[in-house]
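Encoded as structure tokens, the structure appears first; notes follow it.
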Amino acid sequence: MAATLRPLRLNFAQVCIWCGYRWCASARCIGLHERSVWIVCMDCDGFGVLGPLDACHCVHGLMEATPAVDPAELRRPLPVYRPEDDEPEFMVTPRPAGRS
């Protein structure tokens, strides 16, 4: 399963996740990406956020795996939704001044 998980090499703004250059066509970066192995992020379980206002350090819910990753991590059951999503959250925002 881990071999099938992989983020795009160029992010949505077309910046390479390996070198940080826009529209990268480097053979080195392409090779790095093809050889990389990714797993669902162990911190956010693939949701990309750690809390209501905290983004995770992963790449859209994935993190690059290293040889030291426990094989059990590759087979762990993943949640369908974030535990915080059990309860709806409502936020009241004040009206802008001068408007009725």
Side-chain angles (χ1 to χ4, degrees):
M1 178 176 122
T4 62
L5 299 173
R6 184 172 292 155
L8 297 173
R9 185 178 63 82
L10 301 178
N11 71 12
F12 299 119
Q14 300 302 300
V15 175
C16 179
I17 64 172
W18 299 98
C19 69
Y21 285 96
R22 193 177 310 274
W23 303 299
C24 168
S26 162
R28 178 183 175 276
C29 292
I30 292 169
L32 281 171
H33 198 64
E34 288 174 356
R35 291 186 303 274
S36 65
V37 176
W38 297 78
I39 62 173
V40 174
C41 179
M42 292 183 270
D43 294 329
C44 71
D45 285 327
F47 293 99
V49 293
L50 299 172
L53 301 174
D54 294 325
C56 190
H57 64 279
C58 62
V59 179
H60 300 293
L62 297 176
M63 59 187 284
E64 189 176 8
T66 66
V69 169
D70 181 2
E73 178 61 33
L74 303 176
R75 295 182 305 279
R76 72 183 170 99
L78 297 171
V80 176
Y81 56 88
R82 294 184 319 146
E84 296 84 27
D85 290 342
D86 283 343
E87 298 285 330
E89 290 184 24
F90 300 97
M91 182 182 301
V92 177
T93 55
R95 279 193 183 157
R99 297 199 135 176
S100 9

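The first residue of the sequence shown is numbered 1, and numbering continues consecutively from there. Please read all numbers here as calculations on a predicted model, not as lab measurements.
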I'd like to check H33 versus I17 (side-chain heavy atoms, cut-off strictly below 4.5 Å). Are they in contact? yes
Should H60 and L8 count as side-chain neighbours, where that means a heavy-atom distance under 4.5 Å? no
Please evaluate residues R9 and C24 with respect to the criterion side chain to side chain contact (heavy atoms under 4.5 Å, CB included), reporting the C-alpha separation (whole Å), side-chain torsions for both, the decisive distance (0.1 Å), and the verdict. CA-CA 9 Å; R9 185 178 63 82; C24 168; 3.6 Å; yes
Determine the minimum heavy-atom distance between P7 and V59, stating which atoms define it. CB-CG1, 3.6 Å
pair I39-R76: side-chain heavy atoms closer than 4.5 Å: no
S26 side chain reached by C19 side chain, heavy atoms, under 4.5 Å: no
Do you know the tightest heavy-atom contact between W38 and L5? CB-O, 3.3 Å
L62 reachable from L32 in the ILVMFWY side-chain graph, under 4.5 Å edges: yes
If we ignore hydrogens and angles and just use 3.5 Å, is the side chain of R22 paired with the main-chain N or O of A13 as donor and acceptor? yes
Taking side chain to side chain contact (heavy atoms under 4.5 Å, CB included) as the criterion, tell me which of C56, C44, C41 meets it with M63. C41
